[in-house]
Amino acid sequence: MLIFERSRPGRGATAQAPLREATVSGLPERFRRGTRAPLPELSELDVVRHYTRLSQKNFSIDTQFYPLGSCTMKYNPRACNSLAMLPGFLGRHPHAPDTHSQGFLACMFELQEMLRDVTGMKGGVSLTPMAGAQGEFAGVAMIRAYHDARKDTARTEILVPDAAHGTNPATATMCGYTVKEIPTDDSGDVDMEALKAALGPHTAGIMLTNPSTLGVFERRIKEIADLVHQAGGLLYYDGANLNAILGKVRPGDMGFDVIHMNLHKTFSTPHGGGGPGAGAVGVSERLRPFMPIPVVAKEGERYRFMTEKDLPQSIGRLSAFAGNAGVLLRAYVYMRMLGRAGMPRVAEFSTLNANYVMARLREKGFELAFPGRRATHEFIVTLKRLAKDTEVTAMDVAKRLLDFNYHAPTTYFPLLVPECLLIEPTETESKETLDGFVEAMAEILEEARTSPDKVKGAPYTQPNRRFDEVRAARELDVAWRPGAALDEVAEQGRTD
Amino acid sequence: MLIFERSRPGRGATAQAPLREATVSGLPERFRRGTRAPLPELSELDVVRHYTRLSQKNFSIDTQFYPLGSCTMKYNPRACNSLAMLPGFLGRHPHAPDTHSQGFLACMFELQEMLRDVTGMKGGVSLTPMAGAQGEFAGVAMIRAYHDARKDTARTEILVPDAAHGTNPATATMCGYTVKEIPTDDSGDVDMEALKAALGPHTAGIMLTNPSTLGVFERRIKEIADLVHQAGGLLYYDGANLNAILGKVRPGDMGFDVIHMNLHKTFSTPHGGGGPGAGAVGVSERLRPFMPIPVVAKEGERYRFMTEKDLPQSIGRLSAFAGNAGVLLRAYVYMRMLGRAGMPRVAEFSTLNANYVMARLREKGFELAFPGRRATHEFIVTLKRLAKDTEVTAMDVAKRLLDFNYHAPTTYFPLLVPECLLIEPTETESKETLDGFVEAMAEILEEARTSPDKVKGAPYTQPNRRFDEVRAARELDVAWRPGAALDEVAEQGRTD
Amino acid sequence: MPFIPHTETDIQDMLAAIGVNDIEQLFDEIPSALRTGPLNLVPEAMSEMEITRLMHRRAAQDHVDLNFIGAGAYEHHIPAAVWQIATRGEFYSAYTPYQAEASQGTLQLVYEYQTMMTGLTGMDVSNASLYDGASALAEAVLMSVRANRKSKSHRVLMPATVNPVYRSVTRAIVHGQGIELVEVPFDPATGRVDPKSLAAFEGQDITALVIPQPNFFGVLEEADALTDWAHAQDAQVIGVVNPVSLALLKPPGEWGGKGADIVCGEGQPLGAPLSSGGPYFGFMCCRKEHVRQMPGRIVGRTLDADGRTGFVLTLQAREQHIRRSKATSNICTNQGLVVTAATIHMALLGPEGLERVAAACHANTHALIERLKPLGVTPAFAGEAFHEIAFRLPRPVRPVLDAMAQQGVLGGYALGDDYSDLGDLLLVCATETKTEADLDRYAEVMKAALA
Amino acid sequence: MPFIPHTETDIQDMLAAIGVNDIEQLFDEIPSALRTGPLNLVPEAMSEMEITRLMHRRAAQDHVDLNFIGAGAYEHHIPAAVWQIATRGEFYSAYTPYQAEASQGTLQLVYEYQTMMTGLTGMDVSNASLYDGASALAEAVLMSVRANRKSKSHRVLMPATVNPVYRSVTRAIVHGQGIELVEVPFDPATGRVDPKSLAAFEGQDITALVIPQPNFFGVLEEADALTDWAHAQDAQVIGVVNPVSLALLKPPGEWGGKGADIVCGEGQPLGAPLSSGGPYFGFMCCRKEHVRQMPGRIVGRTLDADGRTGFVLTLQAREQHIRRSKATSNICTNQGLVVTAATIHMALLGPEGLERVAAACHANTHALIERLKPLGVTPAFAGEAFHEIAFRLPRPVRPVLDAMAQQGVLGGYALGDDYSDLGDLLLVCATETKTEADLDRYAEVMKAALA
């Protein structure tokens, strides 16, 4: 039932607003609302109960194993949440003067320094991008600003491997670049010949993830970096898969000029049902002047925000204030708890878990997309043959997994592997959990062979079975109105 | 699965203990443990996931309507929780000096004053009892201390109506009294003739709830009070049902000498799956010297705890410190949010809700235990006839309600009404919720007539169906040991 | 090993299953020359106890008694229930609801959020949120370029009364796409967009006009007239609004004859704490006909295989993971958790509650006028204000603010930082959180600072 | 109307269904002479915003920098996960699990708790908790009277080394039931029960001997010898123990030849914040043969109608709601929510974690000895201590404590309040929460206070 259907005129959670109504004087009629905003009217109990119940309909890390490839669904330590929500942090106005901000700024400065260290980006780190995609934008915008500052304006192309996240080409376009796709070779590495052919005086740069979205480490990264640099381009590192190499190998050492990090992946800030994330960027010395502002500086024992005045060539501001500060505090707490020795452990155990699940699934009869390669923190299974033999698709397997109380791996990404499942267990899951998942996958494989319809009809244990997505897009119903079309249907099909 | 079954030797949530092991020197072997304590060994994620999932198996106010008679399951405002858990309150050591306790003591003093006001117990309020039963104990102990102080030692009997909570006679026994039960008349009031016959020089006092556990107001309370006082006895008020009359009529005005209040009922502190409660006691002037300590006093603008020195005749201490302080803070916040005008509203709307559900259920064919009486904040339905006709019992109906996502009312209490359901909706539930409950009850009544086995087999939607309680008591399994008897069965029947 | 569950036995068993000797062998595809040396800037690990103490100390360090700054981030009471529910593990630690069957909690909530936002703004549709108000305006500008098929110029009129940071952010984001942002000056008497300066653009090809309501000075723009003017030029109207103000103010969907085309703004006042500027969320609503040009996620209601209603992400064809370089935006995550809080917040406040909050903000801020008059401090603009007023001080603002801060009172926002000729203007905001005594203290502390 | 959902329409519809004209009519059975007049001591309502501000102010008022008081309540690190999970609505707002099918969350958790407590104490069974440590001792005394069928005397030996408040509470609670509590003095040299004074009771009818471990002075009693002595007298042994210490110390189930009969104590150190003294929880364990004499709730594992395992409240025949005046105790609620926290706390700490905590407490407290020696402050007793030490000061304790408190340091507990001849003794506790720097500061502040 929708919150609006529980609403009754005149009801309210009256402890939540000022008890006495203030008189609004001097506000002419032409500025005023005619009727009250159509928000729902409920008691506090009704609201608490409605949203508590709703929450229970979600899968989450705190309740399920969530091996969603490319998303790094690791445990979000509860202390990160409670410490970021201390009253002193929650109450700080973003325009509070530096004199009343030293506690917060100290955390931000130290976070910058730690990120600089683990990425090897010696030029500095800016925490302001509010999500991975904004970090990407900042990265490519800095590449552009760099070329522009050198008046090197012929560089209009960004190279992107075909396995890349969709955000990469979208970002390049947003920054005014043309995108050139580079194919992948059979072993999952960049096709070097194609790369060489693509490079030239129009090359502004290349966007790479390493390990790539195919779950393998790009072995000739140094060679690629040299080629791109020789052609006058810069290298952008998509930090989506940083978890796989944290503390083991650094993008700065691979030759990258700029990197964005997904703090909500590698540094365990919560995904929150779709954000907020944080997409800090790190740069080499030559891109330092172009970093997005603000950035925290330490002068003696005092901290302060650097602004336009300090970095006049900056690509500018990407958020109204200083990014998702509360998310950054969570990442800070997480990194301090892991500490120096904890950084490489992230890579080691996420890699161990992925290779273990890969080995076990192979043993159970699953086909690997790159059987000759090590898994990094994730790997790809392809169900191409199964789909041909039984009509059971990757999506069917994914849905059936929900009945076993496991969230599904990422499906149909990367696009170039047919019927694929991208599986990322993360380092925080125990062997028993992984074994349980492997057994469930094996059981589904068996089901697919013996009773494919059962798999194709899944899930059976969730509030809903498969949705009519075409109807959703065609008969668009994206906001409830009393008496809306689906209401009657809803009345019949109501489950709660 | 039990937490112990998830445990693996050597695993741990290592961020939670000191990172460096301290050396324990100078502790002779004879004092030391031989082997490590057999606690479970798990990662932080495993623990969080286990208990988050477990929580979802509970019914609760935040997720279900909970009309459990005599328990006052009203909404627990979330602000009460967060404000009682502010770092300053959580960190205060109970032995902190008064100089560092004025914030806390101010809350306690004001809570005492508010409770004194709403109960009409002019002698004062002590907050120290940690639960209703301890409040009862304090009350009866004060009655005894009063008689002892007057050397009136022949008074060895406490009168208790047969409808009383089981704690009442148990408490009287604990205080060294003999219990005399007083019968109830057909309309639910105390049988006055039996009362008169029972009163005498042995009467130490009487324990009463008003409204009684039968859900009706004892109309001749003033007459009862006069009779008991004339016989030299004192009157103890069990505050279990205070919600019904808050701000409408005060125990002090009815003639009671001592009262305990269940702050976890009337003042909405959480029930927490079975506590902690808080059972503050209020007294008339003559019992003031006997109050349990500590009690907060205000002297000028300073607050301090009164101890043995201030109240040398006190019945003493009932808790190591000053009672369930965190619970008391929650009650304080709740009372401040309700305010003066909010007190009688509690009684008014809890009474309105109870009478409404009573009227609606009667209309649906349910039989009332006291059809000629007003409901107070609760009322009793008896399924005596239904059980005779269909073999569907009150317990069956209660279990079936779970399938409709409603917690069951109290069953088989009070003991003197056969096949009874004691229904208490509380004031925080909306008419729609009550209507939904009435419809479910009507549907179950219909099922009982048409397919009684269906009702007798319920519940069907919970993690378990009815338990073998005899086995539980006979083959006592109250702590898990590796390889314990039920383990194999557990293995077969595992559901998660 | 914090947060890593592996026992020594586990590790050996797993390595055996993989067929390697040690974990290091799993990294043998990485050229050894590239391997990381010691990390020097990451300190040794702290236990949860140690970091807890450090963070308590740092949080306490930044304490202030009273805050009267607004300027884009507003201090409001947030019901305790809001974040207690939003941070439940099932909301907090869930991913974007790609598996709809296992994400109905988040999906239904977002659908409810979308409905609430359309109700507040008077628009047809809402997305599931963007990063913040500033970036939402940038996205709205990009969207108007896609949506206004009549305009070829890609020129967007951006009044100087729009939050200066929003203008910078928009500039930074749209910079690469050949869009021209044209500044429209304000009338120094009223603090509103100067109607005369708009006249200069009449008859030109304008893609969109941005209308802030209230504007950065807290002043209410003549939104009806501006909207009608823009539509007469075939320009779209992008409203940038404060959602709490909408409990009192005319919704953008009703501005002028036809209403705004796109509405965006900062969602923070709806349940997000000040928290040093984030995480907040940007909201965006539009008219139905533009929905396919809208960036960000959208949740739709539909039916499942059993004919039951439920909720899914819809119109994904617009998004980057499908359209890649042709996507409407590169936006991937949104601000889900903050939207969760905002939805619960709006449900708790309800229409009357939000109206009371808005009215109290208006009343408290205006109550400062009388208190500051004796100090020679008066409103700088004649335009009607909502809950922020730009006061003119008898001397430069900065030192006054510093002196007030030393007394634990953050006195407001110095407009001179962004508008060089307004060095004596102080933007002050007193929300519903302020009591009479707070307002008195404000006047007192300012008096001392001016003395 | 805060927390009341009724609209005017609802009220009218409901009154009509009941058949009355107004709500007042529902109270017509109450004699009008008794009706309450105005409430004068209850102030007008505050909004959540107002009470929030008030409580923040009051909580901040009681801040101290460092606390070195123990004396029955101990400052430990509590993992953030503990109360975040314990206060989830499903745990927080559930009632006692009377409907087992709808309460498996709480019931399984309590079963796990019971198992953990038996593991820590080395006993067979545990109940689901009692109110606090002091009242648990009272209940243990009552239980020993029921359980020791060989003894008719109802005399319980209560050493003076037992927490004085526990002794008062026990006295207050057992007072009405003809039980004699006999004080056993301590040896002023060791700070332990004086073995010589025990000899006087040899051969007498003693129901039980209480053994505190560590005792109130922080000193470890010779539990093995005391246990064997008691059993030789056919007396039962009631252990009163600190659960954190049990990570290091011999479990009471292994004391002497046969182990303790009943073990109880304060559960606070297992995840309950200091919180001004509560809510905490008392724990109680016993040997299997006494289980039917144990007060409080007990959860058992059993099978359901489908043969699946699950959990129920069991042995309810002991309890007041069944046995009424013949119940083993009047206990009704327990401390469920705190037990929920404690169970999560123990699961997070695990055996190694709890041992590290105990070892750090021991080490930190003992590290004070060297630091205080130069001030002429030395341990008063020769007996080995766990994590509290009674120091003898060169002058009366009270003014020293006051001076230290003024510097933000709570220096310990003045034993003279309870033991009139120990006016120069200060009981000090430094748990794992204290750093080297904290210990240094303690010594410094004490030095200044003594100067």
Check whether any side-chain heavy atom of [X] sits under 4.5 Å from a side-chain heavy atom of [Y], and report yes or no.
X	Y	result
C/L410	A/H95	no
A/M130	C/Y280	no
C/T36	A/P344	no
C/I51	A/L83	yes
A/R336	C/M46	yes
A/H271	C/Y92	no
C/T87	A/M85	yes
C/L26	A/R374	yes

With no hydrogens and no angle check, is any side-chain donor or acceptor of [X] less than 3.5 Å from a backbone partner on [Y]?
X	Y	result
A/R33	C/A247	no
C/R356	A/P18	yes
A/R317	C/V169	no
A/N464	C/T309	yes

**Study point:** Criterion salt bridge (Lys or Arg N to Asp or Glu O under 4.0 Å) on C/D10 and A/K431, from CA distance to verdict
**Key:** CA-CA 7 Å; C/D10 290 339; A/K431 179 171 175 296; 5.4 Å; no

Just by distance, with hydrogens left out, do [X] and [Y] show a side-chain donor and acceptor under 3.5 Å apart?
X	Y	answer
A/Y356	C/D13	no
C/D62	A/S101	no
C/E75	A/H93	no
A/Y51	C/E112	yes

Work out which heavy atom in [X] is nearest to a heavy atom in [Y]; give both atom names and the distance.
X	Y	value
C/Q99	A/A408	NE2-CB, 3.5 Å
C/S93	A/M73	O-CE, 3.7 Å
A/F321	C/S276	CB-O, 4.4 Å
A/S55	C/E90	O-CB, 3.1 Å
C/A45	A/M337	CB-O, 3.4 Å
A/A320	C/D132	N-OD2, 2.8 Å

Review point. Taking A/N355 as the fixed residue, which of C/I23, C/I18, C/L15 is the one that meets the side-chain contact (heavy atoms from CB on, under 4.5 Å) rule?
Key: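 Between A/N355 and the candidates, side-chain contact (heavy atoms from CB on, under 4.5 Å) is satisfied uniquely by C/I18.
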
Find the one option among [options] whose heavy-atom pairs under 4.5 Å with chain C are most numerous.
options	result
A/G34, A/P87, A/C175	A/C175
A/G339, A/G103, A/G88	A/G103
A/P38, A/G273, A/P97	A/G273
A/S430, A/P40, A/A359	A/P40
A/A473, A/G120, A/G176	A/A473
A/T23, A/L476, A/D253	A/L476

Exercise for review: Check whether A/A106 gets within reach of chain C through its side chain, its backbone, both or neither, counting any heavy atom under 4.5 Å.
Suggested key: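 It is both, since atoms from each part get that close.
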
Review point. Which answer fits A/A172, side chain, backbone, both or neither, if we ask what part of it has an atom under 4.5 Å from a heavy atom of chain C?
Key: neither

I need the residue from [options] with the largest number of non-hydrogen atom pairs under 4.5 Å to chain A.
options	answer
C/Q104, C/Q114, C/Q406	C/Q104
C/E266, C/R57, C/E355, C/R171	C/E355
C/A305, C/A94, C/A134	C/A94
C/I69, C/D402, C/D124	C/I69
C/A100, C/S135, C/A73, C/A405	C/A73
C/Q61, C/Q177, C/Q335, C/H175	C/Q335

Review point. Between C/L248 and A/V24, does a side-chain contact (heavy atoms from CB on, under 4.5 Å) hold up when you go through it step by step?
Key: CA-CA 9 Å; C/L248 273 184; A/V24 175; 3.9 Å; yes

Which atoms of [X] come close to chain A, meaning under 4.5 Å heavy atom to heavy atom: side chain ones, backbone ones, both, or neither?
X	result
C/V165	side chain
C/V299	backbone
C/F27	side chain
C/H366	neither
C/H63	backbone
C/L54	side chain
C/A81	side chain

Point to revise | Criterion salt bridge (Lys or Arg N to Asp or Glu O under 4.0 Å) against C/E101, the qualifying member of A/R466, A/R465, A/K399 | key: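 Of the listed residues A/R466, A/R465, A/K399, the salt bridge (Lys or Arg N to Asp or Glu O under 4.0 Å) partner of C/E101 is A/K399.
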
Exercise for review: Please list, chain by chain and in numerical order, all residues satisfying salt bridge (Lys or Arg N to Asp or Glu O under 4.0 Å) with A/E44, sequence neighbours excluded.
Suggested key: none

Practice item. Test C/F3 against A/E427 for side-chain contact (heavy atoms from CB on, under 4.5 Å), laying out the working first. Key: CA-CA 8 Å; C/F3 316 124; A/E427 73 278 10; over 6 Å; no

Point to revise | side-chain contact (heavy atoms from CB on, under 4.5 Å) evaluation trace for A/T52 with C/R88 | key: CA-CA 8 Å; A/T52 302; C/R88 284 171 58 84; 3.6 Å; yes

**Study point:** Ring geometry between A/F349 and C/H6 (parallel below 30°, tilted from 30 to 60°, perpendicular above 60°)
**Key:**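 Tilted.
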
Exercise for review: Dump the intermediate steps for side-chain contact (heavy atoms from CB on, under 4.5 Å) on A/R219 and C/I30, then the final yes or no.
Suggested key: CA-CA 6 Å; A/R219 291 167 286 196; C/I30 302 179; over 6 Å; no

